[in-house]
2 protein chains.
Amino acid sequence: MLPSLKNLEYLVTLSKYLNFSKAAKACFVSQSTLSAGITKLEQDLDACLVERSNKSVKFTKIGLSVVNQANIVIHSTKDLIDVTKVDFFHSHITIGIIPTISAYLLPNFINNLKVAYPKLKLTFIEDKSEVLLKKIQTMEIDFAIFAFPYDIPNNIETYTIFKDPLLFIHHKGRKQSNVKQQELLLLEQGNCLRDQIISSCKIKKNQISDCSCSSLATLIAMVNMNSGVSLLPKMAIQQNILTPYPDIQINKNTLAQASRDIGIIYRKKNSQAKNILKTAKLIQCPF
Amino acid sequence: MLPSLKNLEYLVTLSKYLNFSKAAKACFVSQSTLSAGITKLEQDLDACLVERSNKSVKFTKIGLSVVNQANIVIHSTKDLIDVTKVDFFHSHITIGIIPTISAYLLPNFINNLKVAYPKLKLTFIEDKSEVLLKKIQTMEIDFAIFAFPYDIPNNIETYTIFKDPLLFIHHKGRKQSNVKQQELLLLEQGNCLRDQIISSCKIKKNQISDCSCSSLATLIAMVNMNSGVSLLPKMAIQQNILTPYPDIQINKNTLAQASRDIGIIYRKKNSQAKNILKTAKLIQCPF
DNA sequence: GATTAACTATCGTAAAATACGATTATTATA
DNA sequence: TATAATAATCGTATTTTACGATAGTTAATC
């Protein structure tokens with residue numbers, strides 16, 4: 001039978017004092033308890049560990065080996081407690097982030113993290129909202145930087161940090177102010193920004209162009225060619241994403257008040273929720 | 001608080017099955033017991049280890065670390081059980097032996113041991129009976145090869161193997177048959193053979209020579225010079241110890257029936273007593 | 001939207017382990 | 001022979017552990 005840790009501790013203490021009463025005192029138990037513990041241990045291990053007389057306590061060879069091994073067991077158990085005391089800010093965390101945010105937020109965020117929590121090790125995973133959501137569920141990532149609105153399951157918590165306006169962009173040669181049929185360029189299906197633009201601006205289906213882009217860069221290039229109009233997150237524009245395209249104009253009034261929310265998601269049951277929020281507070285609005 | 005080994009095993013099993021009911025079955029306990037065990041473990045460690053839902057069991061990072069460390073603890077506990085299962089005949093034992101026996105008995109004994117128990121490692125300690133007795137008490141040696149009679153404390157067990165006759169030796173030029181005053185050469189005080197000769201032969205004090213020897217070799221040399229007479233263990237003579245001394249004669253009749261007993265001593269409480277006796281049975285009478 | 005199936009948590013009770021204090025037993029020493 | 005030191009044992013109280021039954025939760029199905 002497996003020995004109990006407590007009895008192993010009794011044995012180790014006894015090996016130091018070689019006296020049941022003194023060892024018992026050191027273990028904060030009665031002499032009879034320690035005596036019974038040692039006896040129990042010998043039964044569990046089916047071995048004679050200690051030879052007692054009223055004048056001396058002698059450990060057998062096996063007893064001494066058991067003391068050595070017991071020390072290993074006790075120390076590795078204490079290590080086990082240490083393992084649980086790892087501080088979040090001294091550990092390694094994995095953060096998900098969607099591509100339409102990543103480039104505009106991360107540089108500053110990483111910087112802030114390095115300053116605030118220099119021991120925190122980071123891994124970023126950039127993927128679509130849907131994929132990140134799954135990885136949150138499977139605990140592959142600790143939290144994800146998301147854009148809302150997004151349909152969030154109710155075991156996931158959200159925390160919004162700031163509002164990111166979506167600004168109307170078009171070629172400077174374009175004169176009309178309303179969006180024509182098939183004119184609105186959007187990212188591909190499955191990209192949350194696409195859906196957010198549609199819901200935020202009450203877009204009609206027939207206004208959306210047949211052609212869709214897999215990245216903002218492509219989309220901007222197409223607007224620059226006057227293949228259509230679109231909306232861009234303010235944080236992207238702020239990052240001078242339009243500098244190479246002097247022919248694109250930003251119209252702050254058309255489709256006004258369109259916006260998405262930037263924030264994080266994490267599992268409601270995550271025991272590190274507080275620390276995750278502390279971490280998320282270092283995400284800065286770039287404008 | 002220190003976690004219990006059992007609960008650690010529950011956790012490790014749970015990490016394999018990721019299902020409380022199945023893990024419980026594998027541990028041969030009820031689902032409620034395993035559930036309570038995991039909860040208790042989390043309390044003991046003051047950490048969230050597992051996130052349960054009706055649909056899945058997920059280990060937290062800390063939970064996974066604890067599983068790893070728990071494996072170490074459990075395995076080192078099982079090693080501890082192995083430690084107690086060390087077979088006497090695969091271990092290292094230390095045997096005491098007195099000098100007046102050593103040379104005549106050991107070569108054969110060691111040979112027998114090597115054949116019977118090839119894995120048994122041996123250390124021999126050669127010293128006076130008194131010293132060996134102390135080392136038996138302190139468990140420095142497992143048993144000792146002794147010559148009797150000897151005053152043995154009653155926590156020590158004796159086991160006699162054979163009788164070793166003590167033979168009268170004298171210079172061949174010597175004519176008389178009784179032992180004169182100051183004629184009997186003996187080993188120094190403290191050597192058990194001295195006392196055994198005195199008690200076995202009812203020697204009178206005035207028969208003992210003033211001169212005493214510290215080894216049998218010296219004693220024989222003195223007999224060879226006709227400085228006195230003495231008694232020699234038969235096992236020594238058998239070993240051709242007298243071959244270099246053709247002037248010494250052995251008188252088998254004088255002081256006849258003088259003898260010592262050869263055997264072993266060991267602590268009564270020694271849990272390996274049976275194996276010690278098995279070992280001792282390989283000590284052979286050399287004649 | 002009710003039902004089912006697959007889960008884990010919880011509750012009450014029974015059994016087992018553990019602890020304690022007092023006592024007994026042993027033995028070396030004064 | 002008495003004393004002092006020490007470990008074992010005994011009876012009782014407490015704590016822990018285990019179990020079965022039940023409740024509670026949630027995703028999937030009808």
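Letters A, B, ... mirror the listed sequences (proteins, then strands); counts begin at 1. Below, each value reflects all heavy atoms present in this structure, side chains not excepted, and no hydrogens, waters or symmetry copies.
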Legend entry - salt_bridge(Asp142(B), Lys61(A)) N-O dist < 4.0 Å: yes
Inset, instruction - Kindly say if Arg52(A) contacts the phosphate of dT6(D), meaning a side-chain N or O under 4.0 Å from OP1 or OP2. - result: no
Inset, instruction - Could you pull out all residues at least two apart from Gln43(B) that satisfy side-chain hydrogen bond (donor to acceptor under 3.5 Å, both in side chains)? - result: none
Legend entry - Rounded (10°) bend between the five-pair end axes of the helix from dG1(C)-dC30(D) to dA30(C)-dT1(D): 10°
Legend entry - Segment of DNA chain C, first to last nucleotide, that comes within the 4.0 Å heavy-atom reach of chain A: dT18(C) to dA28(C)
Inset, instruction - May I ask you to check whether Asn275(B) and Gln272(B) show a side-chain donor-acceptor distance below 3.5 Å? - result: yes
Legend entry - Set of side-chain contact (heavy atoms from CB on, under 4.5 Å) partners for Asn68(B), sequence neighbours left out: none
Inset, instruction - Round to the nearest Å and state the distance from Leu49(A) atom CG to dA7(D) atom P. - result: 16 Å
Legend entry - For DNA chain D, the residues among residues 3-24 of chain A that have a non-hydrogen atom under 4.0 Å from it: Asn19(A), Phe20(A), Ser21(A)
Inset, instruction - Calculate, to the nearest 0.5 Å, the distance between atoms OG1 and CD1 belonging to Thr123(B) and Ile141(B) respectively. - result: 11.0 Å
Inset, instruction - Answer with base, sugar-phosphate or nothing: what part of the nucleic acid does Ser53(A) contact at a heavy-atom distance below 4.0 Å? - result: sugar-phosphate
Inset, instruction - State which residues pass side-chain contact (heavy atoms from CB on, under 4.5 Å) with Lys25(A); sequence neighbours excluded, sorted by chain then number. - result: none
Inset, instruction - For Thr33(B), enumerate each residue passing the side-chain hydrogen bond (donor to acceptor under 3.5 Å, both in side chains) test, keeping only those at least two apart in sequence or located in another chain. - result: Ser30(B)
Inset, instruction - Could you list the residues that satisfy side-chain contact (heavy atoms from CB on, under 4.5 Å) with Asp79(A), not counting sequence neighbours? - result: Asp82(A), Gln69(B)
Legend entry - For Thr100(A), side-chain hydrogen bond (donor to acceptor under 3.5 Å, both in side chains) partners two or more places apart: Arg260(A)
Inset, instruction - Only counting residues at least two apart or in another chain, list the ones meeting ring pair (Phe, Tyr, Trp, His ring centres under 6.0 Å) with Phe89(B). - result: Tyr117(B)
Inset, instruction - Describe, in one word, how the ring planes of Phe148(B) and Phe146(B) are oriented to each other, choosing from parallel (under 30°), tilted (30 to 60°) and perpendicular (over 60°). - result: tilted
Legend entry - Residue-level proximity of residues 25-39 of chain A to DNA chain D when a heavy atom falls under 4.0 Å: Gln31(A), Ser32(A), Ser35(A)
Legend entry - Sole residue of Leu166(A), Ile101(A), Ile197(A) in side chain to side chain contact (heavy atoms under 4.5 Å, CB included) with Pro233(A): Leu166(A)
Legend entry - Ser212(B): partners by side-chain hydrogen bond (donor to acceptor under 3.5 Å, both in side chains), with sequence neighbours left out: none
